[in-house]
Protein chains: 2
Amino acid sequence: MQDHDNLTENDCKMTVRIKDVALAAGVSVATVSRALGDGPVSDELRKKVEAAVAATGYLPNLSARRLRSQHSHTIGLIVSDIRNPFFTAVSRAVEDAAYAVGMRVILCNTDENPQKEAMYLRLMQEERVTGVIFAPTRATAQKLDPQQLGFPVVLIDRAAPPGQADAVVLDNAEAASLLVEHLLAQGYQRIGGLFGNTSTTGAERHAGVLAAMQRHGLQAEARFIAPTPEAAEQAMRAWLAEPAVPQALIASNGLVLLGMLRGARAAGIAIPQQLALAGFDNDNWTELAGPGLTVIEQPVYDIGRTAMKMLLERLEDPARSARKVVLSGRLIARGSTAYTMAADAGQDGAPR
Amino acid sequence: MQDHDNLTENDCKMTVRIKDVALAAGVSVATVSRALGDGPVSDELRKKVEAAVAATGYLPNLSARRLRSQHSHTIGLIVSDIRNPFFTAVSRAVEDAAYAVGMRVILCNTDENPQKEAMYLRLMQEERVTGVIFAPTRATAQKLDPQQLGFPVVLIDRAAPPGQADAVVLDNAEAASLLVEHLLAQGYQRIGGLFGNTSTTGAERHAGVLAAMQRHGLQAEARFIAPTPEAAEQAMRAWLAEPAVPQALIASNGLVLLGMLRGARAAGIAIPQQLALAGFDNDNWTELAGPGLTVIEQPVYDIGRTAMKMLLERLEDPARSARKVVLSGRLIARGSTAYTMAADAGQDGAPR
DNA sequence: AGGTGTTGTGTAATCGATTTCAATGCCATC
DNA sequence: GATGGCATTGAAATCGATTACACAACACCT
């Protein structure tokens with residue numbers, strides 16, 4: 001109210017520092033810092049400081065805080081592409097969990113490119129991040145040494161060599177088995193699949209399909225592609241143009257499934273009358289497309305939340321041995337795998 | 001190679017500071033800083049510094065750099081929910097553009113909650129961000145004063161009172177008109193819509209529909225809901241249970257459209273035979289669901305990229321007057337608005 | 001009464017970089 | 001040969017906070 005300097009209320013153009021608050025409150029900067037943090041301060045002074053903070057409009061400078069305290073309160077989230085609904089959902093869960101404990105998230109898209117992965121990992125080091133949640137390509141997963149990095153890493157969706165790093169993954173073998181058993185129970189026998197070729201996930205789901213088929217004395221034809229809708233659509237068109245096409249096809253993730261469905265539509269193939277289709281990721285559209293697509297639903301939000309929880313636990317005890325949390329997928333059977341093949345068409349897949 | 005201290009190669013457990021690099025290179029810290037930046041340094045010393053950086057494995061501390069240089073090289077991206085495909089795509093574009101110019105992105109989800117918006121805006125101030133790209137609710141858009149904030153703001157998807165802030169928005173009136181004209185051309189006359197009630201976007205699209213209808217001497221029935229699939233599905237079920245339902249319904253965004261389609265399915269309503277459906281956002285599933293949904297496609301990636309470009313231009317010239325970039329949507333007509341109503345059903349919508 | 005903690009506070013050092021400022025050497029110019 | 005730029009370089013100040021340390025006041029226990 002009086003004709004002081006310039007602390008009338010706010011917007012004095014100059015940013016107000018902790019020193020200004022100390023001056024206004026008539027205490028030392030250390031006391032202000034402690035009052036704002038958790039240090040021991042008398043109630044009397046704490047109130048004075050709070051009043052001074054309100055009067056000056058003080059906002060702490062996080063860069064200065066990070067530099068001095070050596071805690072960035074920042075975690076990195078490195079995924080291939082946030083536009084993949086799986087990563088979108090995981091990212092939302094990670095961010096919710098991070099902000100809930102006062103941490104910031106830096107999001108990076110690698111496009112399955114090992115060079116970008118290396119670049120972003122270096123960036124994380126420069127940011128002095130508290131930790132990183134990472135969905136690596138197979139190439140970097142193998143050569144990844146979390147000790148070397150200087151911060152803990154929790155892998156998601158994709159696993160590294162065991163014992164190397166914490167990880168939250170789907171039980172891909174089990175999930176693939178669920179799909180295969182479902183298809184077999186429907187009556188399909190000639191089953192194939194299109195799998196992403198950049199991650200361990202594609203490989204594991206492929207292995208799971210093979211193993212499940214083998215338990216029934218059957219084989220499966222698999223093809224490997226870049227895990228994008230475009231590549232999947234192209235591969236699908238090519239496959240459908242060939243003479244012998246399996247009765248049922250499995251996609252190794254939601255993007256591939258999307259491309260396959262587009263390819264089937266372009267080729268005029270009726271689902272499931274001429275071809276059954278199933279895949280991973282219960283994205284919005286799978287419920288609504290055609291007869292509904294049979295998929296393995298991943299606990300997407302849970303994966304992100306669990307990854308963040310593991311990261312925090314790892315920070316509390318850096319020495320404990322690496323853990324791998326394996327979550328189960330849920331089969332959602334829909335029309336795309338109904339067995340509607342007529343008796344005459346059935347001869348294709350008749351038991352030998 | 002010799003028995004120096006501990007700069008054998010790397011991982012000496014201690015982080016290496018610029019001082020260590022200076023020592024290793026036999027120059028001052030200032031020279032190292034200049035060599036790494038853009039300062040004037042002789043080629044000879046620059047090479048020495050680069051060698052020392054490589055030998056010591058130096059990684060700059062970004063917090064220290066930010067504190068001293070007073071440039072955070074960080075922008076905030078505040079949206080309602082990254083899981084809305086519209087914001088997912090925008091976010092990817094913003095991040096691409098940001099990393100391309102050496103900036104970091106902090107992503108915040110507000111869930112259309114003004115309190116969270118206020119909290120994140122304060123966080124942005126503490127981070128001393130270079131700028132913010134923001135999709136505000138109507139409530140905060142009105143009371144938003146970019147001058148007060150201390151950093152430039154570019155609004156996306158939603159507009160503020162004119163002249164207040166830069167913005168990148170869709171031409172909602174035009175887009176709504178495209179939808180209405182399309183429906184009218186198909187033969188529909190009794191048209192209604194479900195609109196989000198938290199943003200200016202829902203309001204503008206509603207106004208656009210009304211205006212277009214009015215040009216034809218027609219009226220439209222509108223309802224307002226929280227812009228989520230769940231709220232839309234519930235509202236849809238309720239609406240469909242009433243006696244007089246419009247022949248065609250418009251959704252004000254992708255999430256609402258999704259909920260409406262679910263509601264229609266749950267009620268056993270055939271699209272487009274019993275009800276035509278159209279909306280905004282060309283999300284993946286709209287192409288594949290049922291007969292395909294007629295939508296307005298937004299230039300999502302362009303919106304993000306343009307917002308980032310405007311932010312950079314604003315930084316170069318803080319004084320220039322506020323600009324609003326208005327982009328056009330594209331009508332994608334699909335089966336959900338085909339006019340297939342039988343003659344007997346047609347009497348409902350016969351001209352009066 | 002005399003140590004012995006405990007609690008609360010201030011002073012000053014510190015985090016790791018950038019940037020200011022002064023100094024140096026070198027060359028061209030008069 | 002003195003002088004005035006120009007290009008490099010280093011020493012030291014600085015960014016804005018946290019925290020180590022010292023110390024005062026006060027309660028508590030022999």
Side-chain angles (χ1 to χ4, degrees), chain A residues 12 14-50 52-53 56-74 102 104 122-123 125-130 150, chain B residues 12 14-50 52-53 56-74 102 104 122-123 125-130 150:
Chain A
C12 2
M14 264 305 295
T15 75
V16 16
R17 303 169 298 277
I18 198 174
K19 194 198 300 182
D20 304 314
V21 177
L23 205 67
V27 300
S28 72
V29 292
T31 299
V32 177
S33 176
R34 283 189 277 251
L36 266 43
D38 52 2
V41 179
S42 65
D43 283 352
E44 184 198 9
L45 286 195
R46 169 163 273 127
K47 263 183 203 137
K48 265 199 203 171
V49 169
E50 277 163 7
V53 165
T56 56
Y58 169 71
L59 290 166
N61 182 317
L62 294 186
S63 291
R65 176 174 292 176
R66 291 194 180 109
L67 172 60
R68 175 59 235 232
S69 69
Q70 302 283 60
H71 293 314
S72 66
H73 288 285
T74 299
R104 242 67 63 220
R122 197 174 57 236
L123 175 63
Q125 297 184 284
E126 298 187 354
E127 291 278 3
R128 304 296 194 267
V129 292
T130 309
Chain B
C12 2
M14 264 305 295
T15 76
V16 17
R17 303 168 299 276
I18 199 174
K19 194 198 301 182
D20 304 314
V21 176
L23 205 67
V27 300
S28 72
V29 293
T31 300
V32 176
S33 176
R34 282 189 278 249
L36 266 42
D38 52 358
V41 178
S42 65
D43 283 352
E44 185 199 7
L45 286 195
R46 171 162 273 127
K47 263 182 205 142
K48 266 199 203 171
V49 168
E50 277 162 8
V53 165
T56 56
Y58 169 71
L59 290 165
N61 182 318
L62 294 186
S63 290
R65 175 175 292 175
R66 291 196 181 107
L67 171 59
R68 177 60 239 230
S69 70
Q70 302 284 60
H71 293 316
S72 66
H73 288 286
T74 299
R104 241 66 64 220
R122 196 174 58 235
L123 175 62
Q125 297 184 285
E126 298 187 354
E127 291 278 2
R128 305 295 194 267
V129 292
T130 309

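In this text the structure is predicted, and so the values were computed from the model without any measurement. In what follows, every chain begins at residue 1, and chains take the letters A, B, ... in the order their sequences are listed.
Taking the side chain of B:Arg17 as heavy atoms from C-beta on, and the options D:dA11, D:dA20, C:dA17, the nearest nucleotide is C:dA17. Between C:dG16, D:dG16, D:dT18, one nucleotide has an atom nearer to the side chain of B:Gln70 than all others, and that is D:dG16. The side chain of B:Pro40 sits closest to D:dT9 out of C:dT9, C:dA17, D:dT9.
If you check every strand for non-hydrogen atoms under 4.0 Å, B:Ser33 touches a base. Residue-level contact check: A:Leu45 touches the backbone only, with heavy atoms under 4.0 Å from sugar-phosphate atoms and none from bases. Within the 4.0 angstrom heavy-atom criterion, no nucleotide atom of any strand lies near A:Arg66.
Distance CZ (B:Arg46) to C1' (D:dT9): 13 Å, rounded to an integer number of Å. To the nearest angstrom, P of D:dA17 lies 10 Å from NZ of A:Lys19. Straight-line distance from the CZ atom of B:Arg128 to the C1' atom of D:dA17: 10 Å, rounded to whole Å. The CG-C1' distance, from A:Asp43 to C:dT9, rounds to 15 Å in whole Å. The distance from atom CD of A:Gln125 to atom P of C:dG16 is 16 Å, rounded to the nearest whole Å.
Looking at B:Glu127 and A:Arg104, a side-chain N of the basic residue comes within less than 4.0 Å of a carboxylate O on the acidic one, giving a salt bridge.
A distance of 10.0 Å separates CZ in B:Arg128 from CG in B:Leu67, rounded to the nearest 0.5 Å.
For A:Tyr58 and D:dG16, the shortest distance from a side-chain N or O to OP1 or OP2 is not below 4.0 Å. Residue B:Ser42 places at least one side-chain N or O under 4.0 Å from the OP1 or OP2 atom of D:dT9. Taking 4.0 angstrom as the limit, A:Ser69 places none of its side-chain polar atoms (N or O) nearer than this to OP1 or OP2 of D:dT18.
Put simply, the side chain of B:Leu123 reaches to within 4.5 Å of the side chain of A:Leu62, judged on heavy atoms.
A donor N or O paired with an acceptor N or O is not found under 3.5 Å between the base of D:dT18 and the side-chain atoms of A:Arg65. For B:Arg34 against D:dG10, a side-chain-to-base donor-acceptor contact under 3.5 Å is present.
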